[in-house]
Colleague: 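Below is a structure I'd like to ask you about.
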Amino acid sequence: MIGTMILIIFGGGVVAGCVLKGSKAENGGWIAITMAWGLGVATAVYAVGAISGAHLNPAVTVGMALVDEFPWNDVPLYIAAQILGAFIGATLVWLHYYPHWKETKDQGAKLAVFSTGPAISHTPSNYFSEVLGTFVLVLGLLAIGANEFTEGLNPLIVGFLIVVIGLSLGGTTGYAINPARDLGPRIAHFILPIAGKGSSDWGYAWIPVVGPIIGGGLGALFYAAVFEGIVYSALWYFSTAFVAVLLLTLQMEKQKQLKALPINKKATA
């Protein structure tokens, strides 16, 4: 809980600094955001790694459990703690930037402090982005763990992994790659009396939850199969789930496009 809270204080805090009006960091840009998220992850891992294994992310927790690196009995409690920690962290960011919410008229910018959203709304692509980003995250974490570094350096390497994911893959959806990171703060956005806030965009909220869980599971199972020679049956279940959800999103996008057509064109289609 504390680790994920620290992560959101830094991650949500840098987004708030870059997008809220009147902040000295306003318009700080994507480089500032990705660097702070990466260093925030590293700091959180340093803070709680020796206590809980630095599980800041339900996708990582589920992925590790799938390959017998974490007990399934602890998964529900860890996920609950991660979501609660993210909620607390988001609330602290809201309090820290309290006068800036009123000065900021852009409702989308306010929501961006708490949760992710697509740069271009296209359901299959948005879903795929979250799957791929989390796949790389968990695969990278396992690969980093298989190497020996100078004592104490691992959390910083993990932070660099977050930075490179953000710089290379994050521009499409804001790279949630963490269901708790998105869901906990989104709930906070929904509940808190934020000045001039708009919708919490619950219609999109399932993508940064389902996508990372499937992507994280695939990342762990792929690593076990390719690098350790252990093929878990869950690999086929998660692969099937990935394809099934992708097909569902394609159908959803088709329906959305049909609704956007003029009435006469709908009849033709």
Side-chain angles (χ1 to χ4, degrees), residues 1-11 37 40-92 115 130-131 133-147 151-152 154-155 157-159 161-162 165 176-188 205-206 208-225 227-228 230-239 241-242:
M1 182 186 73
I2 292 173
T4 311
M5 180 192 73
I6 292 171
L7 168 64
I8 299 301
I9 288 174
F10 286 127
W37 273 105
V41 168
T43 304
V45 174
Y46 276 121
V48 301
I51 301 170
S52 65
H55 281 236
L56 315 175
N57 182 342
V60 173
T61 301
V62 170
M64 296 303 178
L66 285 167
V67 294
D68 297 328
E69 294 289 336
F70 189 76
W72 277 107
N73 289 342
D74 289 341
V75 170
L77 183 60
Y78 267 56
I79 291 177
Q82 290 155 357
I83 294 173
L84 178 59
F87 178 90
I88 295 170
T91 302
L92 292 173
S115 56
E130 287 297 330
V131 171
T134 319
F135 174 88
V136 173
L137 169 65
V138 175
L139 179 64
L141 289 174
L142 290 168
I144 289 169
N147 289 274
E151 186 175 357
N154 289 60
I157 303 300
V158 170
L161 173 62
I162 301 299
I165 291 173
I177 59 174
N178 181 340
R181 169 265 176 276
D182 193 274
L183 182 58
R186 195 182 296 269
I187 294 172
W206 70 271
V209 172
V210 175
I213 291 294
I214 293 177
L218 286 173
L221 294 164
F222 177 85
Y223 181 89
F227 292 91
E228 297 178 341
I230 305 172
V231 180
Y232 292 89
S233 59
L235 176 61
W236 314 119
Y237 301 145
F238 270 71
S239 298
F242 165 68

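Residue numbers count from 1 along this sequence. Note: hydrogens, waters and symmetry copies are ignored here, and every other heavy atom, side chains too, is used.
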Colleague: Could you check whether atom OH of Tyr223 has more than 12 heavy atoms from other residues, nucleotides or ligands sitting under 6.0 Å from it?
Modeller: yes
Colleague: Tell me if the CG atom of Leu84 is crowded by more than 12 foreign heavy atoms within 6.0 Å.
Modeller: yes
Colleague: By the side-chain hydrogen bond (donor to acceptor under 3.5 Å, both in side chains) test, which pairs, at least two apart or in different chains, include something from residues 71-91?
Modeller: Thr61-Gln82
Colleague: Test side-chain contact (heavy atoms from CB on, under 4.5 Å) on Phe227 and Leu139 and set out the steps.
Modeller: CA-CA 10 Å; Phe227 292 91; Leu139 179 64; 4.1 Å; yes
Colleague: State whether the side chain of Tyr232 and the backbone N or O of Val67 hold a donor-acceptor pair below 3.5 Å, judged by distance alone.
Modeller: yes
Colleague: Looking at CG of Leu183 and CZ of Phe87, how far apart are the two atoms once the value is rounded to the nearest 0.5 Å?
Modeller: 11.0 Å
Colleague: Taking all atoms of both residues into account, what is the closest heavy-atom pair of Arg181 and Ala176, and its distance?
Modeller: CD-O, 3.8 Å
Colleague: Heavy atoms only: give me the nearest Val41-Leu56 pair and the separation to one decimal.
Modeller: O-CD1, 4.2 Å
Colleague: Could you check Leu218 against Phe222 for side-chain contact (heavy atoms from CB on, under 4.5 Å), going step by step and ending with a plain yes or no?
Modeller: CA-CA 6 Å; Leu218 286 173; Phe222 177 85; 5.7 Å; no
Colleague: Using a 3.5 Å distance criterion without hydrogens, assess whether the side chain of Asp182 forms a donor-acceptor pair with backbone atoms of Asn178.
Modeller: no
Colleague: Show the nearest heavy-atom pair for residues Ala65 and Val75, with the distance to one decimal.
Modeller: CB-CG2, 3.9 Å
Colleague: How far apart are the closest heavy atoms of Pro185 and Ala180, and which atoms are they?
Modeller: CD-O, 3.3 Å
Colleague: Between Leu7 and Trp37, is any pair of side-chain heavy atoms under 4.5 Å apart?
Modeller: yes
Colleague: Considering residues, nucleotides and ligands other than Trp236, do more than 12 of their heavy atoms fall under 6.0 Å from its CH2?
Modeller: no
Colleague: Can you find a heavy atom in the side chain of Thr4 that is under 4.5 Å from one in the side chain of Asn57?
Modeller: no
Colleague: Is there a side-chain contact (heavy atoms from CB on, under 4.5 Å) between Val138 and Leu142 once you walk through the steps?
Modeller: CA-CA 6 Å; Val138 175; Leu142 290 168; 4.2 Å; yes
Colleague: Could you give the distance from OG (Ser239) to CG (Leu221), rounded to the nearest 0.5 Å?
Modeller: 8.0 Å
Colleague: Check whether any side-chain heavy atom of Leu161 lies under 4.5 Å from a side-chain heavy atom of Ile157, and answer yes or no.
Modeller: no
Colleague: Closest heavy-atom contact between Val209 and Ala205?
Modeller: CG2-O, 3.6 Å
Colleague: Any chance you could lay out the side-chain contact (heavy atoms from CB on, under 4.5 Å) test for Phe238 and Leu66, step after step, and finish with the verdict?
Modeller: CA-CA 10 Å; Phe238 270 71; Leu66 285 167; 3.5 Å; yes
Colleague: From Trp206 CH2 over to Glu130 CD, what is the distance, rounded to the nearest 0.5 angstrom?
Modeller: 10.5 Å
Colleague: To check you understand the geometry: which heavy-atom pair defines the closest contact between Pro179 and Pro212, and what is its length?
Modeller: CD-CB, 3.7 Å
